[in-house]
Amino acid sequence: MTLEELEAARKKSLEETAAATDAAATEALRVKYTGRNGLIPALVKGMKDVPKEERPAFGKAVQAWRAEIEAALAAKSAASPAAAAGEIDSSMPGDWFRPGAEHPLSRVIEDTARIFARLGFTVADGPDIENRFNNFTALNTPAHHPSIDRTDTFWLAEDALLRTQTSPVQIRTMMANKPPVRVICPGRTYRRDTTDATHSANFHQIEGLYVDVKPVSLADLKSTLAYFAREMMGPDIGVRFRPHFFPFTEPSVEVDFTCHVCRGKGCAVCKQSGWIEIAGAGMVDPRVFKHVGYDPESVSGYAFGFGVERIAMIKYGIPDIRWLYENDLRFLSQFG
Ligand code: PHE
């Protein structure tokens with residue numbers, strides 16, 4: 001091979017490499033030119049037949065060709081086949097996988113559990129499908145009470161219903177444990193409500209129950225809820241009690257927190273009152289203690305219950321309860 005022929009072969013090899021469109025074609029060129037039985041090693045082997053005076057120039061040219069074709073082949077195989085075929089623009093930014101975000105309802109439940117854990121409360125659980133005794137009778141709800149009606153409660157069978165509140169977990173907890181008990185019970189609850197911006201037929205509540213053999217007072221309940229209000233909503237949030245009625249507590253109260261938007265001054269969110277209704281609560285009725293086998297003369301306690309959606313909506317300024325169930329990432333990703 002003359003020097004001119006060598007130059008022609010070099011050019012051809014580089015053109016072939018540039019035209020290779022997949023990994024197999026690139027590999028075939030590597031075998032053809034630099035492989036053990038390839039053209040370049042054959043030329044090196046044949047150096048002894050090259051006229052002596054041409055040998056240094058010929059040798060140099062072969063080595064330069066080898067370096068060049070090796071670099072060109074390496075660059076080809078580093079690019080993906082798709083990139084080699086021109087299907088991918090490797091200068092485009094890559095896909096970005098956003099880390100998941102905690103759902104606002106889970107967040108409220110976790111925060112509540114953490115806050116009450118500091119006060120010695122553990123988390124208790126109960127089933128969504130309950131019986132009449134746990135959901136109504138043991139909670140001192142008279143048999144004619146409207147909440148038992150088919151228009152309010154999802155009845156599944158003669159003695160099976162979707163629990164309308166987390167209060168039946170109070171009953172389960174007391175029947176399974178001796179006092180003192182200190183639990184919160186988060187969970188799903190069901191009512192035959194028509195869905196709109198503030199109602200859902202399947203929502204969440206968190207129940208609280210503290211029963212002890214030493215006297216428990218309404219003041220204990222108030223200070224506990226005041227601590228929760230500050231930890232959950234902010235340091236300048238206060239608590240007020242308004243008299244109310246629940247069959248399973250006596251006395252019963254409705255619990256308001258200072259409006260977190262205007263901080264009590266009065267605004268559209270709190271309808272100028274400075275307060276927002278948060279929970280139902282009260283001292284456990286002696287008749288409930290009797291139903292679970294506790295002696296009402298030697299134990300006392302308080303209970304409370306609030307809606308998880310309600311806390312999430314006011315804390316995060318969510319105007320429509322349905323947003324919490326639609327799994328729209330544009331909404332959910334804001335809670336990361
Ligand atoms: N279970 C009541 C409700 O759903 C709330 C509540 C719980 C009231 C505990 C008093 C004590 O409205």
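Note that these values count all heavy atoms, side chains included, but never hydrogens, waters or copies made by symmetry. Every number for a ligand or one of its atoms is a count from 1 in the order of the listing.
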Query raised in the report: Do any pairs count as a side chain to side chain donor-acceptor pair (under 3.5 Å) and have a residue in residues 29-48, sequence neighbours left out, and if so which ones?
Result: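 Checked against side chain to side chain donor-acceptor pair (under 3.5 Å) - neighbours excluded - the pairs reaching residues 29-48 are E16-K32, E16-Y33, E27-R30.
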
Query raised in the report: Which side chain to side chain donor-acceptor pair (under 3.5 Å) pairs, counting each pair once, include a residue from residues 269-280, with sequence neighbours left out?
Result: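 Side chain to side chain donor-acceptor pair (under 3.5 Å) check on residues 269-280 returns no pairs.
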
Report summary line: Those residues at least two apart in sequence (or on a different chain) that pass side chain to side chain contact (heavy atoms under 4.5 Å, CB included) with A64 are none

Query raised in the report: Does CZ in R118 sit with more than 12 non-hydrogen atoms of other residues, nucleotides or ligands closer than 6.0 Å?
Result: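 It does: R118 CZ has more than 12 such atoms within range.
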
Query raised in the report: Between Q165 and T189, is any side-chain donor less than 3.5 angstrom from a side-chain acceptor?
Result: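 Short answer, no.
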
List below, pair by pair, the N or O atoms of ligand 1 and of the protein that are less than 3.5 Å apart, including the distance to 0.1 Å; reply 'none' if no pair qualifies.
| residue | atom | partner | partner atom | Å |
| --- | --- | --- | --- | --- |
| ligand 1 | 1 (N) | Q165 | OE1 | 2.9 |
| ligand 1 | 1 (N) | S167 | OG | 3.0 |
| ligand 1 | 4 (O) | R191 | NH2 | 2.9 |
| ligand 1 | 4 (O) | Q205 | NE2 | 2.9 |

Requested in this report: Assess the pair F304 and F246: is the distance between their ring centroids shorter than 6.0 Å?
Outcome: no

